[in-house]
There are 2 protein chains.
Amino acid sequence: MEGQLPETTGTQPGTPVGSAGRALQLGRRPTMRDVAAVAGVSLKTVSRVVNGEPGVSSTLGRRVRDAIDELDFRPNIGARSLRRAGGRTATVGLLLEDVSNPFSSTLQRAVEDVAIPRGVMVFTASLDEDPQRERELTRAFSARRADGLIIAPASDDQSYLESEVRAGTAIVCIDRQARRLAVDSVLTTNVDGSKAGVRHLIEQGHRRIAFLGDRHDITTAQQRYEGYLQALAEAGLPVDTGLVLSDLTSQALAQAAAVQLLEQPDPPTALFTAQNLVTIGVARALRHLKRERRVAVVGFDDFPLADLLDPGITVVAQDPTAIGRLAATVLFDRIGGNDSPPTTHVVPTRLIPRGSGEIGPQKNLTA
Amino acid sequence: MEGQLPETTGTQPGTPVGSAGRALQLGRRPTMRDVAAVAGVSLKTVSRVVNGEPGVSSTLGRRVRDAIDELDFRPNIGARSLRRAGGRTATVGLLLEDVSNPFSSTLQRAVEDVAIPRGVMVFTASLDEDPQRERELTRAFSARRADGLIIAPASDDQSYLESEVRAGTAIVCIDRQARRLAVDSVLTTNVDGSKAGVRHLIEQGHRRIAFLGDRHDITTAQQRYEGYLQALAEAGLPVDTGLVLSDLTSQALAQAAAVQLLEQPDPPTALFTAQNLVTIGVARALRHLKRERRVAVVGFDDFPLADLLDPGITVVAQDPTAIGRLAATVLFDRIGGNDSPPTTHVVPTRLIPRGSGEIGPQKNLTA
DNA sequence: CTGTTAGCGCATTCAG
DNA sequence: CTGAATGCGCTAACAG
C-alpha cells in the first residue's frame with residue numbers, strides 16, 4: 001500500500017520539517033477523508049484515532065497519525081458537534097459589563113482558567129449596560145451553539161432566555177441576580193459589604209456620610225444603597241438626602257459631583273462611593289481640592305493601585321477571581337448534567353483599610 | 001463576503017411570555033425543518049427568509065417569521081458554515097498575553113468594537129508568555145474554524161501557522177512581529193518610544209539612568225533596551241551595566257530590584273522602566289524608600305491611575321485602542337479577500353509628562 | 001416565486 | 001479490530 005503515491009517527497013525519518021509534504025489546494029482544509037486516503041484506511045478508522053476510541057491496531061494508528069501530521073489536519077468541531085450525541089461544541093460565552101474594566105477582566109481571566117484546561121474556548125463580549133445588546137449577543141452566542149453562557153445582566157428581565165435553557169444551554173448569571181429566569185447566580189454580598197464599609201466610617205466618628213453611586217436602576221447599586229441605609233439606621237443616624245448622589249455614570253461626573261458636594265456649606269466629613277469608577281473620580285476631586293487627608297473615603301470594589309495612592313484608598317473589596325471561578329465551576333457542573341434546582345451562590349466582600357477610610361471627622365474647611 | 005448574520009428578531013409585541021407555543025422535546029433545538037413544518041412551507045423557503053434572500057412572497061415570509069418566533073428558532077452557524085461557500089464562521093480568535101493586564105484588555109475591547117458591529121464574535125485567551133500554550137490555543141481556535149486570528153505572540157517562531165494561512169485563515173500579529181511567517185503585524189514604536197523616554201530624562205540633566213526591564217528574551221523588551229542604548233549613545237553617555245536590570249517578571253521582583261539598586265553606593269538618579277508592571281513595582285519601591293520625589297522615573301506603557309499617584313508617573317504611552325482597532329481592521333480586510341503582500345503597521349507612542357520624569361538629578365541620599 | 005436533490009465534515013449504527 | 005451506510009442542519013445548484 002505504500003506505493004499508492006510514488007511521488008511522495010523524500011521525507012527522511014529525521015527531518016521533522018513536516019506538513020509541507022502533500023500540498024492541498026489553497027483555501028481548502030484537509031478532512032478526515034483526505035487523511036484516510038493518505039493513510040490508506042477508511043474514514044472511520046481516522047475518526048477513531050482522532051477521538052481516542054479503542055479498537056485500532058497500533059500499525060494503523062501510527063499510519064493515521066503520520067497522515068494527520070503530514071496534512072496538518074484539524075478536526076472540524078462544528079461538524080463534529082452536528083453529529084455527536086448532545087451536540088456539545090466545547091465553547092462557552094461570557095457576557096461582561098465591559099472587558100476593559102478591571103473587575104470584568106479579572107473575572108474573565110478566572111473563567112478562562114477554568115475553561116481552557118477542559119478544552120473549552122470562551123467567547124467574550126461587553127454589554128455596556130445595554131439591554132438590547134445583551135439580547136443580541138446571547139442570540140449570537142446561541143447561534144454558535146455555545147454549551148453555556150455566563151452573563152453579567154444588563155437588562156432586568158432574562159425571561160427571553162427560557163428557550164435557551166429549555167434547549168439545553170446552561171446559564172449562570174453573575175454580579176446581578178437573574179430575573180424571571182430560573183438559573184444559577186453568583187453574587188457579591190452587596191448589602192452586607194456596603195453596610196460594613198459605612199459602619200467603618202461611623203466607627204471613625206463620622207455622622208455626615210455621603211453616598212455616591214452610579215446608575216440607580218442597577219440592582220447592585222440599589223443594594224449598596226440599601227447597605228448604606230441600614231448602617232445609618234443601626235447607628236441611629238438620620239438620612240440626609242442632600243448627601244445622596246446617584247447616576248454618576250462616569251469618572252468625570254463623579255468628580256464634579258464630589259467637588260460640588262464638598263464645596264457646599266456644612267459638607268459631609270466622609271464619602272462612601274458605591275462603584276470603582278466613582279471612587280476614582282472622587283479621589284481626583286479630593287486631590288484637586290487638596291482635601292484628600294481631611295475627608296474620609298471608603299469605596300466599594302477594589303481597583304489596581306488603590307494602595308499606592310496617598311492616602312491609600314480604603315475599600316470594600318469584591319473578589320472577581322472567586323466569582324469567575326465559581327461561576328465557571330457551576331456552569332460546567334450544569335453542562336455535565338447536574339439538574340438540581342438553581343442556586344444563588346454568594347461571594348463575601350472584605351474590608352481593606354488603607355488610610356482614606358481611617359480619617360476622622362475634620363472641621364469644615366469651606367471658604 | 002461579510003460576516004453579516006441577518007437573523008430575525010424574536011418576541012411579538014404584546015406577548016412577552018413568548019415561545020411556549022409548540023413545545024419541542026427538551027434538549028432539542030428547533031431546526032429549519034421544524035420551522036418549515038410549522039409554517040407549512042419547504043425548508044428552502046425558510047432558508048431564504050433566514051438569510052434575507054429575495055424571492056419570497058410576503059405572505060409566506062410572514063408565515064415563516066411567525067413560525068420562527070413561535071419556536072424561537074436560531075440558525076446553526078456551524079452547520080451553515082459547513083455548507084456555505086467559503087465556510088466562514090463569523091468568529092475570530094484573539095490571543096493576548098494576559099486579559100487581566102490593562103494593555104491587553106483595552107486592546108481586546110477595541111477589537112470587539114470592530115468585530116461585533118460586523119456580526120463577528122470573538123474568542124479570547126491568555127498566553128502567559130507560554131509558547132506551547134500559543135500553539136495549543138491557535139489549534140483550538142483553528143478546530144473551531146475561526147475566520148481569522150489576532151495573536152500577540154509568545155513564541156519566537158510562528159512558522160507552525162503556515163498551514164493555517166494556506167487553508168485561508170487570516171492572521172495578524174500584534175505587539176510583536178510575526179517570525180518566520182508572512183503575515184501582517186501591528187506594532188508599537190518600541191525603539192523610538194523608549195529612546196524618547198530616556199532622552200527626556202537626559203534633558204532633565206540625568207547622567208546615571210538605570211534600565212529596568214522584564215523578560216529579556218522578548219523582542220519588545222530587547223527593542224526598548226535598544227532605544228535606551230541609542231539615547232545614551234546620542235548623548236555621549238556611557239553604558240553602566242551595573243544599572244541594567246532585566247528579567248523582572250513580576251511587580252515584586254521589580255520592587256526588590258529597585259530597592260537594591262537605589263541602596264547601593266552611587267545609585268542612579270533616574271530610572272527608565274520598560275514595562276508597566278515593572279513601573280508599578282518601582283513606584284512601590286520609591287514609596288517605601290520615601291524617595292519618590294528625589295528619583296526620576298519614566299515608564300514605558302501607560303496604566304490607569306498613573307496620573308493620580310504623587311508625583312504622577314511620566315510615561316511613554318502606547319495606544320492599545322489604536323493597535324486593536326487597526327489589527328481588527330486589517331484582519332477583516334484580509335478576510336474580505338485582500339491578498340496584497342503582508343505589511344507591518346506601526347502605531348506611535350506618546351510621551352506624557354506627569355511629574356516623576358521631570359525630577360532633576362538629586363544628591364545621593366543613601367545612608 | 002417555490003421546491004427538490006445533493007453533499008459540507010463528521011459520528012453513529014450496524015455489518016463484517 | 002475494521003469499514004459502509006446514514007444523516008446531523010444547513011445551503012448551492014438546479015429544477016419546476
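Lettering follows sequence order; numbering is per chain, from 1.
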May I ask you to say what B/Val56 touches in the nucleic acid, namely base, sugar-phosphate or nothing, with a heavy-atom cut-off under 4.0 Å? sugar-phosphate
Measure the spacing between CG of B/Leu161 and CG of B/Leu149 and express it to the nearest 0.5 Å. 7.0 Å
Euclidean distance, atom CD of residue A/Glu53 to atom C1' of D/dC1 [Å, nearest integer]: 13 Å
Is the phosphate of C/dA11, meaning OP1 or OP2, less than 4.0 Å from a side-chain N or O of A/Ser47? yes
Go through the steps to decide whether B/Arg144 and A/Ser81 satisfy the test side chain to side chain donor-acceptor pair (under 3.5 Å), and finish with yes or no. CA-CA 11 Å; B/Arg144 284 162 184 76; A/Ser81 75; over 6 Å; no
What integer distance in Å separates B/Leu43:CG from C/dA6:C1'? 13 Å
Could you tell me the separation between the CG atom of A/Asn76 and the C1' atom of D/dC10, rounded to a whole number of Å? 13 Å
Round to a whole Å and report the spacing from CZ of A/Arg144 to C1' of D/dG9. 16 Å
Can you tell me which nucleotide in D/dC10, C/dT12, C/dC10 comes closest to the side chain of B/Met32? D/dC10
A/Arg88 atom CZ is separated from C/dC10 atom C1', nearest whole Å, by 18 Å
Mind calculating the distance between CG (A/Leu82) and P (C/dT12) to the nearest angstrom? 12 Å
So if I apply the side-chain contact (heavy atoms from CB on, under 4.5 Å) rule between B/Ile174 and each of B/Leu107, B/Leu326, B/Ile151, which one comes out positive? B/Leu107
A/Thr45 side chain near D/dG3 phosphate (N/O to OP1/OP2, under 4.0 Å): yes
Salt bridge check, A/Arg166 against B/Asp72: does any charged N sit closer than 4.0 Å to a carboxylate O? no
CZ of A/Arg74 versus P of C/dG9: gap in Å, rounded? 16 Å
Are B/Arg65 and B/Asp69 ion-paired here, with the side-chain N under 4.0 Å from a carboxylate O? no
Approximate separation, where rounding is to 0.5 Å, of A/Ile116 CD1 and B/Ser126 OG: 7.5 Å
Spacing of A/Phe73 atom CZ relative to C/dC10 atom P, expressed in whole Å: 4 Å
Describe the nucleic acid contact of B/Pro54 in one word from base, sugar-phosphate, nothing, applying a heavy-atom distance below 4.0 Å. nothing
Side chain of A/Ala79, heavy atoms from C-beta onward: which of C/dG9, D/dC10, C/dC1 has the nearest atom to it? C/dG9
Does D/dT11 have OP1 or OP2 sitting under 4.0 Å from an N or O in the side chain of B/Asn51? yes
Checking D/dT11, C/dG9, D/dG9 against the side chain of B/Thr31 (C-beta onward), the nearest is D/dG9
When you check the phosphate oxygens OP1 and OP2 of D/dG7, does a side-chain N or O of A/Arg83 lie under 4.0 Å from one of them? no
Calculate, to the nearest 0.5 Å, the distance between atoms OG1 and CZ belonging to B/Thr89 and B/Arg80 respectively. 11.5 Å
Could you tell me whether A/Leu60 contacts a base, only the sugar-phosphate backbone, or nothing, with contacts defined as non-hydrogen atoms closer than 4.0 Å? sugar-phosphate
At a cut-off of 3.5 Å, list every protein nitrogen or oxygen paired with a nitrogen or oxygen from nucleotides 14-16 of chain D, distance to 0.1 Å.
none

Flag the pair A/Arg179 and A/Glu134 as a salt bridge only when some basic side-chain nitrogen lies within less than 4.0 angstrom of an acidic carboxylate oxygen. no
